[in-house]
Amino acid sequence: MSDDNISLAGYHHAPMIGYHRAPLSQKFGAPRQPNLVALTSIIEMIAPYDSPAAFAGLDAFSHIWISWQFHHNYTNKDSHIGKSGTDFRAQVRPPRLGGNQKIGVFASRSMYRPSALGLSVVKLESIEVCDGRVLLIISGADMIDGTPIIDIKPYVAYSDALSNAKSGFAPTAPDLLEIIITESAYEQFMTLVDAGRCDKNDNDNDNDNGTENKNNKKAIHAKNNSVATLIQQMQEQLLISDIEIIKALIAQDPRPAYRRAEINTPFVMRYKSADVSFQLIESGQLQITAVVKVSF
């Protein structure tokens, strides 16, 4: 057996069946668990796994399991293969425990796992067919843009939801911080929203009655649009409703645990086409201080 075969003997290779397309392009700001923020995103299936026949019957399920890859962990997705476990981290410091206490990696959901695989249950909003290809519109994902998708399975409530389960060091959802936004930051945000409307020539008619695309779910309509156009709109175009999503993401406090006591220290979360700056202020609130357009 060749050296290459020996080094790969302990690995299972799975095909990538699609990619996650999302407003969040960086790890900072992404929810640490699924379903903490009702953030709408798209799973773009790729050939030959994008056949509508492969999804017949899935629309009867409200939620799905997603197997995916932590693709930002390595500069090369195969760089950890063949190193005989030299990169293995036996223990990690979960943010939920303040970032100081160590626990075993298999007692955590840390991204630094030997398989580099993630598992999330998300809400299936709709199944769309665009240009003959399947797009899954989902909400509540804890994945960032470009995440490779490895598998999709329906969530089955009677077996997957266990009412008597124990959750160790994370028995309940984390406490949320109060978010405020400065007047100047809100004006910057609205300027970007208005600019996006002009770029689209008001084709969406999205501000007629104040119910503009609740949770962004009505923003995605596969019919009469190309896949590329849909993804670009979802990734870049700011909508009025995005301010609530931005607040919900920051309320999870994405800052490193060891820096959460720092007052007036700016942090930046990239959301769609904007960099959102925020800081902790003396009142204990997280304050959004600027919303600035990113040049693509």
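All residue numbers in this chain count up from 1 along the given sequence.
- Looking at Leu238 and Ile243, their side chains never come closer than 4.5 Å, going by heavy atoms from C-beta outward.
- No single ILVMFWY cluster, assembled from side-chain heavy atoms under 4.5 Å apart, contains both Val121 and Phe70.
- In the hydrophobic clustering of this structure, Phe88 groups with Val92; members are Ile, Leu, Val, Met, Phe, Trp, Tyr whose side-chain heavy atoms approach within less than 4.5 Å, directly or through other members.
- Atom CG of Leu124 and atom OG of Ser139 lie 9.0 Å apart (nearest 0.5 Å).
- With Arg21 contributing its side chain and Met234 its backbone, the two residues share no donor-acceptor pair below 3.5 Å.
- A single hydrophobic cluster is not seen to contain both Ile281 and Phe267; linkage of ILVMFWY side chains at heavy-atom distances under 4.5 Å, directly or through other members, places them apart.
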Quiz item: For Ile288 and Val276, what are the C-alpha separation, side-chain angles and deciding distance, and is it a side-chain contact (heavy atoms from CB on, under 4.5 Å)?
Solution: CA-CA 7 Å; Ile288 299 173; Val276 182; 3.7 Å; yes
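- Expressed to the nearest 0.5 Å, how far CZ of Phe55 lies from CD of Glu128 amounts to 13.0 Å.
- One distance of note links CG of Leu239 with CD of Gln233; it measures 9.0 Å at 0.5 Å rounding.
- Here the closest non-hydrogen pair linking Pro52 and Gly132 is CD-O, 4.1 Å.
- A continuous path of Ile, Leu, Val, Met, Phe, Trp and Tyr side chains, each step under 4.5 Å between heavy atoms, connects Ile179 with Ile263, placing both in one hydrophobic cluster.
- Of the options Leu39, Ile245, Asp145, Thr147, a side-chain contact (heavy atoms from CB on, under 4.5 Å) to Leu24 is made by Leu39 and by none of the others.
- Although no hydrogens or angles enter the test, the distance criterion places a donor-acceptor pair under 3.5 Å between the side chain of Arg113 and the main chain of Ser108.
- Environment of CG in Asp175: sparse, with no more than 12 heavy atoms of neighbouring residues, nucleotides or ligands closer than 6.0 Å.
- Dense packing is recorded around CZ of Arg96, with more than 12 heavy atoms of other residues, nucleotides or ligands lying under 6.0 Å away.
- For OH of Tyr186, the number of neighbouring non-hydrogen atoms (other residues, nucleotides, ligands) closer than 6.0 Å is 12 at most.
- Here the CZ atom belonging to Arg260 is positioned 9.5 Å from the CG atom belonging to Leu286, to the nearest 0.5 angstrom.
- Contact annotation: the side chain of Lys27 approaches that of Met111 to within less than 4.5 Å [non-hydrogen atoms, C-beta and beyond].
- Using a 4.5 Å cut-off on side-chain heavy atoms (C-beta onward), Leu230 and Cys130 make contact.
- Distance check: Glu187 CD to Phe189 CZ gives 13.0 Å after rounding to the nearest 0.5 Å.
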Practice problem: Tell me, with the steps shown, if Leu136 and Ile42 meet side-chain contact (heavy atoms from CB on, under 4.5 Å). | Solution: CA-CA 6 Å; Leu136 302 183; Ile42 297 173; over 6 Å; no
Practice problem: Kindly determine whether Asp242 and Tyr271 satisfy side-chain hydrogen bond (donor to acceptor under 3.5 Å, both in side chains), including the steps that lead there. | Solution: CA-CA 9 Å; Asp242 280 321; Tyr271 181 85; 2.5 Å; yes
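- Within the 3.5 Å criterion, the main-chain N or O of Ile149 finds no donor-acceptor partner in the side chain of His20.
- Ile246 and Val292 fall into different hydrophobic clusters, where Ile, Leu, Val, Met, Phe, Trp and Tyr are joined by side-chain heavy atoms under 4.5 Å apart, directly or via other members.
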Practice problem: Starting from the C-alpha separation in whole Å, work towards a yes-or-no answer on side-chain contact (heavy atoms from CB on, under 4.5 Å) for Ile64 and Val122. | Solution: CA-CA 6 Å; Ile64 54 177; Val122 300; 3.7 Å; yes
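- Looking at every heavy atom in both residues, Gln252 comes nearest to Pro174 through OE1-CG, 4.3 Å.
- Judged purely by atom type and a 3.5 angstrom limit, Arg133 has no side-chain atom pairing as donor or acceptor with the backbone of Val227.
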Exercise. Walk me through it: do Gln33 and Arg109 pass the test side-chain hydrogen bond (donor to acceptor under 3.5 Å, both in side chains)?
Key: CA-CA 9 Å; Gln33 303 293 342; Arg109 295 195 180 191; 3.0 Å; yes
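- Side-chain contact between Val294 and Ser273 is absent, with no heavy atoms from C-beta onward closer than 4.5 Å.
- Nearest approach of Tyr155 to Ala161, heavy atoms of both residues: OH-CB, 3.3 Å.
- If you take OG on Ser41 and CD1 on Ile138, they are separated by 3.5 Å, rounding to the nearest 0.5 Å.
- When all heavy atoms of Ile103 and Pro94 are compared, the closest pair comes out as CD1-CG, 3.5 Å.
- For the pair Phe278 and Met269, the minimum side-chain heavy-atom distance is below 4.5 Å.
- Annotation for Ala107 and Phe169: closest pair O-CE2, 3.4 Å, computed over non-hydrogen atoms.
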Quiz prompt | Working for side-chain contact (heavy atoms from CB on, under 4.5 Å), residues Met45 and Val134 | solution = CA-CA 6 Å; Met45 305 303 298; Val134 168; 4.1 Å; yes
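- Residues Glu125 and Lys123 have side chains in contact (heavy-atom distance under 4.5 Å, counting atoms from C-beta outward).
- A side chain to side chain donor-acceptor pair (under 3.5 Å) check over residues 55-66, counting only residues at least two apart or in different chains, returns the pairs Trp65-Asp160.
- A side-chain contact (heavy atoms from CB on, under 4.5 Å) with Trp68 holds for exactly one of Asp142, Ile152, Ile150; it is Asp142.
- Taking the charged nitrogens against the carboxylate oxygens, Lys272 and Glu236 have no contact shorter than 4.0 Å, which rules out a salt bridge.
- Looking at Ile250, Thr265, Leu177 one by one, the single match for side-chain contact (heavy atoms from CB on, under 4.5 Å) with Arg255 turns out to be Leu177.
- Nearest heavy-atom pair, Leu249 versus Gly29, reported as atom, atom and distance to 0.1 Å: CD2-O, 3.6 Å.
- Looking only at distances, no side-chain donor or acceptor of Gln285 sits under 3.5 Å from a matching main-chain atom of Ile180.
- Between Arg32 and Pro95 the shortest side-chain heavy-atom distance falls below 4.5 Å.
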